Amino acid sequence: MNKKSVKDVEVRGKRVFVRCDFNVPMKDGVITSDKRIAAAIPTIQYLLENGAKVILASHMGKPHNIFTEGFGLTKKEKKAVEKLPEAEREAAKAEYLAKAAGDRKKLTLAPVAARLNEYLGNKVTFATDIIGEDAKAKTAALKEGEAVLLENVRFDAREEKNGADFAEALASMADLFVNDAFGTAHRAHASTEGISHYIPAVSGFLIDKEITFMGGALEKPEHPFVAILGGAKVSDKIGVITNLIDKVDTIIIGGAMAYTFIKARGGKIGTSLCEDDKMELALSLVEKAKEKGVNFLLPVDNKCATAFDNDAESLICDIDAVPDGYMGMDIGPKTIELYASAVKDAKTVIWNGPMGVSEFDNYAAGTRAVAEAVAQSDAISIVGGGDSTAAIEKLGYADKISHISTGGGASLEFLEGQELPGIACLEDK
Ligand code: AMP
């Protein structure tokens, strides 16, 4: 996958529309973590320093949106409203509008503009609309090396519907589209994909890094290549396992999803989570791995507990001998050793998903040990998913990881080998 980035095109004097991920956590109008804003700075700074006129856009949260045609209601909401008697219908509409108005206050990007200015030295103005009068005036007035942040693109229902008129209106403000929001790259929305139908499109530095590392691992991995997959459900990871089985030397399975495999091969799993309807599929994946000569590792022991509770009574036992009334909560010490040694000599490692209920301290040892093993290996290491990333960061290993992917769903779809609309639409090199 060879896509053009901002470095491959002339940006001086151009109006550049940059789709960022400023979907930051907020509490009472205050940004509680600006990690995503900080991550976006290098691309923006590069554009400003190279004389671009920068138009920044992002979504924040999931607002009720107002769009006069169709009233901004989803089909389901619209049907529900239509069923109501006339008088109540008006009240329902009014209630919806009130919610939308509330969201406009809660989910405005104005605080993001203020924070951007702290990073960029007051180069950013804020438009109170997206494609309205304010946005048009402020983008038209931009000088080289200045930026304007548009209001939350999801305030308009046409953003998520990828409405052609909305995408065209966004494009009409710019000469070049730069996508740097990996977290929404798996969605074909107006500001992530639709806009590319009207103006040339390239990646920003964040998406470029995702493509380089994840694309590189999938296309030309250095071997041995080890994939570590954990988390709650095997059904969430089937696509990833199926795609990786043709590319890796070892697949390591942890987390609750392991128990579907264990039960399928006849093990006793107590009350551990299990997807009974996926057991056959689990066996077929193991079979496929065997055919391809892929080392498919399942836990050999685990820590199990009498309840989904940090302080519940717990014990360590073999993975296929979980006592009645106990549920598997973490991989055990023998498994930790096995998995750590499988990672040790790897040259490429991909890790997504915790080895146990890592949000509870008493069941976090497996996830921590895997984080340590990945950080200590000399491999090109790629980590994705909230829990795995949190473990890496909490242990202070972030700088020992080659690439921490910023998109949950997007990251998984990438590893499944799917084409992400927000990346597919970028120009080839
Ligand atoms: P995912 O959303 O697929 O990345 O899975 C993350 C969730 O899996 C976390 O919230 C964990 O609590 C959960 N999880 C991991 N291992 C287990 C387990 N053995 N039993 C129950 N839940 C688990």
Side-chain angles (χ1 to χ4, degrees), residues 183 186 227-244 251-264 267-276 278-279 281-282 285 297-336 338-339 350-371 374 382-394 404-416:
H186 58 320
I228 311 163
L229 300 169
K233 290 178 171 176
V234 66
S235 52
D236 289 343
K237 302 282 178 358
I238 289 166
V240 178
I241 298 175
T242 310
N243 187 38
L244 291 181
I251 292 185
I252 291 176
I253 302 286
M257 66 189 263
Y259 296 94
T260 302
F261 291 90
I262 303 299
K263 187 172 172 189
K268 258 187 74 195
I269 62 164
T271 52
S272 306
L273 284 188
C274 180
E275 289 172 273
D276 286 340
K278 295 289 178 294
M279 288 203 294
L281 188 95
L285 288 171
L297 297 181
L298 287 162
V300 292
D301 63 349
N302 70 356
K303 187 175 194 182
C304 50
T306 50
F308 193 84
D309 182 336
N310 188 50
D311 302 318
E313 188 194 314
S314 67
L315 55 84
I316 286 166
C317 65
D318 285 349
I319 194 76
D320 48 11
V322 178
D324 290 341
Y326 281 78
M327 66 192 308
M329 300 291 274
D330 193 12
I331 54 173
K334 285 186 205 151
T335 309
I336 287 179
L338 176 73
Y339 287 3
I350 284 181
W351 175 30
N352 192 307
M355 296 292 103
V357 186
S358 57
E359 57 268 43
F360 291 151
D361 217 41
N362 282 338
Y363 316 116
T367 304
R368 267 192 228 133
V370 163
V374 174
I382 299 162
V383 176
D387 299 281
S388 324
T389 304
I392 290 286
E393 285 174 350
K394 210 165 157 189
I404 295 181
S405 180
T406 52
S411 193
L412 280 182
E413 287 192 24
F414 199 115
L415 296 178
E416 285 171 1

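Every number for a ligand or one of its atoms is a count from 1 in the order of the listing. It should be emphasised that the depicted structure is a prediction, and the values quoted were computed from it without experimental measurement.
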K.L.:
Would you mind listing every side-chain hydrogen bond (donor to acceptor under 3.5 Å, both in side chains) that reaches into residues 252-263, with sequence neighbours excluded?
P.N.:
Tyr259-Asn302, Lys263-Asp276
K.L.:
What pairs with Phe261 under ring-ring contact (aromatic ring centres under 6.0 Å, His included), at least two apart in sequence or on another chain?
P.N.:
Phe296
K.L.:
Can you check salt bridge (charged side-chain N to carboxylate O under 4.0 Å, His left out) on Arg368 and Asp361, steps first, answer last?
P.N.:
CA-CA 10 Å; Arg368 267 192 228 133; Asp361 217 41; 2.9 Å; yes
K.L.:
I'd like to know if the side chain of Thr367 reaches the main chain of Met355, judged simply by a donor and an acceptor atom lying under 3.5 Å from each other, with no hydrogens or angles considered.
P.N.:
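The answer is yes, because a donor-acceptor pair under 3.5 Å joins these two groups.
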K.L.:
Which residue pairs satisfy the salt bridge (Lys or Arg N to Asp or Glu O under 4.0 Å) criterion with at least one member in residues 298-313, sequence neighbours excluded?
P.N.:
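Salt bridge (Lys or Arg N to Asp or Glu O under 4.0 Å) check on residues 298-313 returns no pairs.
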K.L.:
For each nitrogen or oxygen atom of ligand 1, which protein N/O atoms lie closer than 3.5 Å, and how far apart are they, rounded to 0.1 Å?
P.N.:
{"from": "ligand 1", "atom 1": "3 (O)", "to": "Ala232", "atom 2": "N", "distance (Å)": "3.1"}
{"from": "ligand 1", "atom 1": "5 (O)", "to": "Ala232", "atom 2": "N", "distance (Å)": "3.0"}
{"from": "ligand 1", "atom 1": "8 (O)", "to": "Ala232", "atom 2": "N", "distance (Å)": "3.4"}
{"from": "ligand 1", "atom 1": "10 (O)", "to": "Glu359", "atom 2": "OE2", "distance (Å)": "2.9"}
{"from": "ligand 1", "atom 1": "12 (O)", "to": "Glu359", "atom 2": "OE1", "distance (Å)": "3.1"}
{"from": "ligand 1", "atom 1": "12 (O)", "to": "Glu359", "atom 2": "OE2", "distance (Å)": "2.7"}
{"from": "ligand 1", "atom 1": "16 (N)", "to": "Ala256", "atom 2": "N", "distance (Å)": "3.2"}
{"from": "ligand 1", "atom 1": "19 (N)", "to": "Gly328", "atom 2": "O", "distance (Å)": "2.9"}
{"from": "ligand 1", "atom 1": "20 (N)", "to": "Gly328", "atom 2": "O", "distance (Å)": "3.4"}

K.L.:
Considering only heavy atoms from C-beta outward, does the side chain of Cys317 approach that of Tyr326 to under 4.5 Å?
P.N.:
no
